Asks: 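Input: one structure, supplied below.
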Amino acid sequence: MADRGSPSQAESSNGGPTSQAESSIGGQLNMNLPPPDRLDHDAGTEGGDQITIPTRTLRDLINPPRDLALMRQRLFEIKDKIELQVDEFERYWPYIDNVWVRQHKAGTDKSGRVITDYYACRLQRPTYTPKPDTPRREGQPTRKKQIREGGTCQMRLKTIRYEGGYSGYTILKVGDETQHTHDLDHIDKIKRTSVLMEIARSEVMKGYMPASVFTVMNEDMEKLVAAGGRYLNRNDVRNASQHWRQIHKEELRVHEGYKYDHGNGIVRHDGAPPAIQLNGDTSIVDPALSDVSPLPPGTLRFPESDRAFLQPYLQPENPVINKSGFPHVTLTYATSMDSSLTLAPGMQTILSGPESKAMTHYLRSKHDAIVIGVGTATADDPGLNCRLEGVGGFGGLGWEGQPRPVVIDPGARWLLTPNSRVLQTVQAGKGRGPWVIMAPGFSMDPMRLEMLKFYGGKYLGLTEYDKKWRLRWEAILKALAAEGIKSVMIEGGGMVINDLLQPENANFISSVIVTVAPTYLGKGGVGVCPAPRHDHTGRPQPAVRFQDVKWYPLGEDVVMCGKLRGGQGVVSRPPPAPPMAPMMPMGQ
Ligand SMILES: NC(=O)C1=CN([C@@H]2O[C@H](COP(=O)(O)OP(=O)(O)OC[C@H]3O[C@@H](n4cnc5c(N)ncnc54)[C@H](OP(=O)(O)O)[C@@H]3O)[C@@H](O)[C@H]2O)C=CC1
Ligand SMILES: Nc1nc(O)c(N)c(N[C@@H]2O[C@H](COP(=O)(O)O)[C@@H](O)[C@H]2O)n1
């Protein structure tokens, strides 16, 4: 196969060897962070006096990380904040390190848990015009000198690595530029990723000739392109292995399954299986080769066919905080036929069947935050994460689809410990650290506050309360909106739900999604029964009436969806009362 892209175009082809520390960026990504001054340069080639053992092999090409091309594009564009768990960052970053060049040493905050690194697009560095008479070390061949393109793109990003009760990376664009002045293909043309260089080197180090390694790497062109290798050429493979070959003078052989065909270069043996296909049957996934870890136990599925009925009750696809400054609010809970949430106060009671439980988790994936009262946090010790297949921690990337747990705990009485399920969930990389909303005059125990922060949580102190000394929902929701929360799912418990259904609060509710289970729990539990309403004559009125109502059966349960009229949702006007019989005077 012909080389694509002349060697002189590619830096890795003509740039000569660089340091060995550089080559380890991609392969090992040692998170103890190698000396930054060595990291700040180009990645992906070998050099120095020692040879690092490449950790990337052909398998990384054959069995690339999931959605590699898409992820490369996302990590190139940085349109939105990208959150990745550490293993995911280590998996993907070496496939895009041809674009991003680290600028300066990592900055660590005073807690030592937050490490920030800045990167600039490769084309930000100045144009380099080599001097015509640059001397070379004795014995080294003269190098073809190229002008190195630069100074054309100002895109920059920062990576924030958090190290605590969970570990992860947040990748954000910085600076004024919103996009590159070029596409990803342009960088792929001028610089190879460290993964590709490591793969090439690891194969040569097995004793294979660079030209045959190049041929093997080209076997599955689609995968090579997805890995950024459209312009990989034979010289790249030679450069990647140059230092090793200088030390190991042994004769190299043609890669297994290939032979020399004079005039045609290296070709596959007749009938030999492609080297890229490690097992005969491509439908069998070798677990050792698979980067897709099995889904954790308890992963839930909510069928596509059941999702449509919920659509009108969810926030629009690209939610914005509405003009009034409030997020979309969905009130959702499971109740018995006698409007009870639990058998007894403080006693968690499972009402939802498996199908409606999966629906609840689908709803969680569609909201930025889940809100509960401290009564529920104390009684249930909930996980408050989303366990739906495809969200972060359950087959998805990072924390995508994981809502932020929010606990309303005005008096700081929630006894959160590292054993609390919500924190165990964070530690397992399956949920986010909780936020705690507190009232004025209360403060969290400093040790507990430190622990909360360690797990990526925080507290929000509010000062606005109503005439009953309760925190005002307006203030709670505005505070969440100010933190970037665009949609909130309020789950309970009884006090929270009843409070929200009061006329003065119901305006804030956008949708209600209630699961009704086929059971009477009997008296004595925590009930949903808002305070009664009366008209101006004192006549009783329904407390709340929904509109745009839909009932949908799910397993043995039925789900009621409804809306409240008005901007964010205003309590609908009750239907006109039937005419009352005239009052009869007493004694007649
Ligand atoms: N079936 C289902 O879908 C669900 C069932 N549940 C169940 O509900 C039960 C808990 O309900 P409940 O006991 O009523 O407790 P809640 O979860 O409603 O929490 C109530 C407490 O939260 C604080 N709080 C809530 N709203 C405000 C506000 N606006 N301002 C100030 N403080 C506020 C108060 O704390 P403080 O007292 O410190 O002032 C209040 O006492 C549990 O048994 C749980 O299992 C819960 C959720 C869903
Ligand atoms: N949808 C629903 N159905 C039930 O039967 C319930 N008991 C609840 N309870 C709510 O879910 C929380 C538990 O969450 P995790 O499973 O631990 O993540 C609980 O705290 C209630 O808010 N919900």
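What you see is a predicted model, and the numbers here were worked out from it, not measured in a lab. Counting begins at 1 with the first residue of the sequence. Atom set for the values below is all heavy atoms of this structure, side chains included, hydrogens, waters and symmetry mates excluded. Both ligands and their constituent atoms are indexed starting at 1 by order of listing.
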Asks: Which residue is it: I490, V496, I513, L564? I am looking for the one with a side chain to side chain contact (heavy atoms under 4.5 Å, CB included) to L331.
Replies: I490

Asks: Is atom 23 (N) of ligand 2 close to the protein, meaning a heavy atom under 4.0 Å from it?
Replies: no

Asks: Write out the residue and atom name of the closest protein heavy atom to atom 3 (O) of ligand 1, then the distance separating them to 0.1 Å.
Replies: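 For atom 3 (O) of ligand 1, the nearest protein heavy atom comes out as A334 N, 2.8 Å.
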
Asks: In terms of ring plane angle, is the pair F89 and Y169 parallel, tilted or perpendicular, where the classes change at 30° and 60°?
Replies: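 Aromatic pair F89/Y169 classed parallel.
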
Asks: For R470, is at least one N or O under 3.5 Å away from an N or O on ligand 1?
Replies: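 Yes; at least one N/O pair falls below 3.5 Å.
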
Asks: If we set the cut-off at 4.0 Å for heavy atoms, which region of L341 has an atom near ligand 2: side chain, backbone, both, or neither?
Replies: neither

Asks: Consider every N or O of G383 and every N or O of ligand 2, then say whether any pair is closer than 3.5 Å.
Replies: yes

Asks: Find all atoms of ligand 2 within a distance of less than 4.0 Å from any non-hydrogen atom belonging to E491, and give their numbers and elements.
Replies: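 Here the atoms of ligand 2 in question are 10 (C), 11 (O), 12 (C), 21 (C), 22 (O).
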
Asks: Could you see which bit of K357 sits under 4.0 Å from ligand 2, with heavy atoms only: side chain, backbone, both or neither?
Replies: neither

Asks: So is Q348 polar-close to ligand 2, meaning N/O to N/O under 3.5 Å?
Replies: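 Looking only at distances, the answer is no, because the N/O contact criterion of under 3.5 Å is not met.
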
Asks: Within the structure, does D380 bring an N/O atom to less than 3.5 angstrom of an N/O atom in ligand 2?
Replies: yes

Asks: Name the option, out of M438, R472, E491, M347, that contains the heavy atom nearest to atom 47 (C) of ligand 1.
Replies: E491

Asks: Provide, to 0.1 Å, the distance between atom 22 (O) of ligand 1 and the closest protein heavy atom, together with that atom's residue and name.
Replies: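 Closest protein heavy atom to atom 22 (O) of ligand 1: V374 N, 3.3 Å.
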
Asks: Counting heavy atoms only, which part of W473 comes closer than 4.0 Å to ligand 1: side chain, backbone, both or neither?
Replies: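 Just the side chain.
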
Asks: Once you restrict to heavy atoms under 4.0 Å, what part of T376 touches ligand 1? Side chain, backbone, both or neither.
Replies: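 T376 to ligand 1: contacts from backbone and side chain alike.
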
Asks: Is the shortest side-chain N to carboxylate O distance from R113 to D109 below 4.0 Å?
Replies: no

Asks: Counting non-hydrogen protein atoms only, what is the nearest one to atom 39 (O) of ligand 1? Give residue, atom name and distance.
Replies: P410 CG, 3.4 Å

Asks: Using a 3.5 Å cut-off on N or O atoms only, is H361 in polar contact with ligand 2?
Replies: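 No - when backbone and side-chain N and O of H361 are compared with those of ligand 2, no distance drops under 3.5 Å.
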
Asks: Counting neighbours of NZ on K79 that are heavy atoms of other residues, nucleotides or ligands and sit closer than 6.0 Å, is the number greater than 12?
Replies: no

Asks: Looking at Y459, I want to see if its OH is surrounded by more than 12 non-hydrogen atoms of other residues, nucleotides or ligands under 6.0 Å.
Replies: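 Open: at most 12 neighbouring heavy atoms sit under 6.0 Å from OH of Y459.
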
Asks: May I ask you to check if ligand 1 and G493 share an N or O to N or O distance below 3.5 Å?
Replies: yes

Asks: Return a yes/no value: protein heavy atom under 4.0 Å from atom 9 (N) of ligand 2?
Replies: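 False for atom 9 (N) of ligand 2.
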
Asks: For ligand 2, which atoms have a heavy atom of R387 less than 4.0 angstrom away?
Replies: 15 (P), 16 (O), 18 (O)

Asks: Specify side chain, backbone, both or neither for T360, according to which of its non-hydrogen atoms lie closer than 4.0 Å to ligand 2.
Replies: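 Near ligand 2, T360 shows its side chain, while the N, CA, C and O stay back.
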
Asks: So if I count the atoms of ligand 2 from 1 in the order they appear, which ones are less than 4.0 Å from some heavy atom of I350?
Replies: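 Result: 5 (O).
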
Asks: Judged by non-hydrogen atoms, does L384 sit under 4.0 Å from ligand 2?
Replies: yes

Asks: Nearest non-hydrogen atom to atom 15 (O) of ligand 1 belongs to which of A517, A412, G375?
Replies: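 Shortest heavy-atom distance from atom 15 (O) of ligand 1: G375.
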
Asks: Side chain of E83, backbone of W399: donor and acceptor closer than 3.5 Å?
Replies: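 Answer holds: no.
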
Asks: With only distance considered, is R413 within less than 3.5 Å of ligand 1 through an N or O on each side?
Replies: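 The answer is yes, given that R413 and ligand 1 share an N or O pair closer than 3.5 Å.
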
Asks: For ligand 2, which atoms sit closer than 4.0 Å to a heavy atom of P382?
Replies: 13 (C), 14 (O), 17 (O), 20 (O)

Asks: Is T515 touching ligand 1 with its side chain, its backbone, both, or neither, if touching means heavy atoms under 4.0 Å apart?
Replies: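 It is neither part, as no heavy atom is under 4.0 Å.
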
Asks: Starting from atom 14 (O) of ligand 2, locate the nearest protein heavy atom and write down its residue, its atom name and how far away it is, to 0.1 Å.
Replies: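 The protein heavy atom lying closest is R364 NH2, 3.0 Å.
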
Asks: Give a yes or no on whether a salt bridge exists between K478 and E464, defined as a side-chain N under 4.0 angstrom from a carboxylate O.
Replies: no

Asks: Under 4.0 Å from any heavy atom of L351, which atoms of ligand 2 are there?
Replies: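 Near L351, the atoms of ligand 2 are 4 (C), 5 (O).
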
Asks: What residue and atom, counting heavy atoms only, is the protein's closest point to atom 6 (C) of ligand 2, and at what distance?
Replies: T349 O, 4.1 Å

Asks: Side chain or backbone, does R421 bring an N or O within less than 3.5 Å of an N or O on ligand 2?
Replies: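 For ligand 2, there is an N or O atom that lies under 3.5 Å from one belonging to R421.
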
Asks: Measure the distance from atom 12 (P) of ligand 1 to every protein heavy atom, then report the residue, atom name and distance (to 0.1 Å) of the closest one.
Replies: G494 N, 3.8 Å

Asks: What orientation do Y552 and F309 show, parallel under 30°, tilted 30 to 60°, or perpendicular over 60°?
Replies: parallel

Asks: Quick one: pull up NZ in K173 and CE in M155 and give me the separation to the nearest 0.5 Å.
Replies: 4.5 Å

Asks: With a 4.0 Å cut-off on N to O distance, would you call E88 and R74 a salt bridge?
Replies: no

Asks: For D380, which part has a heavy atom under 4.0 Å from ligand 1: side chain, backbone, both, or neither?
Replies: side chain

Asks: When you compare ligand 1 with P345, is there at least one nitrogen or oxygen pair between them that comes in under 3.5 angstrom?
Replies: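 No; every N/O pair is 3.5 Å or more apart.
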
Asks: Tell me whether atom 2 (C) of ligand 2 lies less than 4.0 Å from at least one protein heavy-atom position.
Replies: yes

Asks: Looking only at protein heavy atoms, which one is nearest to atom 4 (C) of ligand 2, and what is the separation?
Replies: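 Heavy-atom neighbour on the protein nearest atom 4 (C) of ligand 2: S352 OG, 3.5 Å.
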
Asks: Atom 14 (O) of ligand 1: which protein heavy atom is closest, and how many Å away?
Replies: M495 N, 2.8 Å

Asks: Donor-acceptor pair, S339 side chain versus V528 backbone, under 3.5 Å?
Replies: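 Flag set: sc S339 to bb V528 pair under 3.5 Å.
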
Asks: Do NZ/NE/NH1/NH2 and the carboxylate oxygens of R470 and D466 come within less than 4.0 Å?
Replies: no

Asks: Is there any N or O on I372 that sits under 3.5 Å from an N or O of ligand 2?
Replies: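 By distance alone, the answer is no.
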
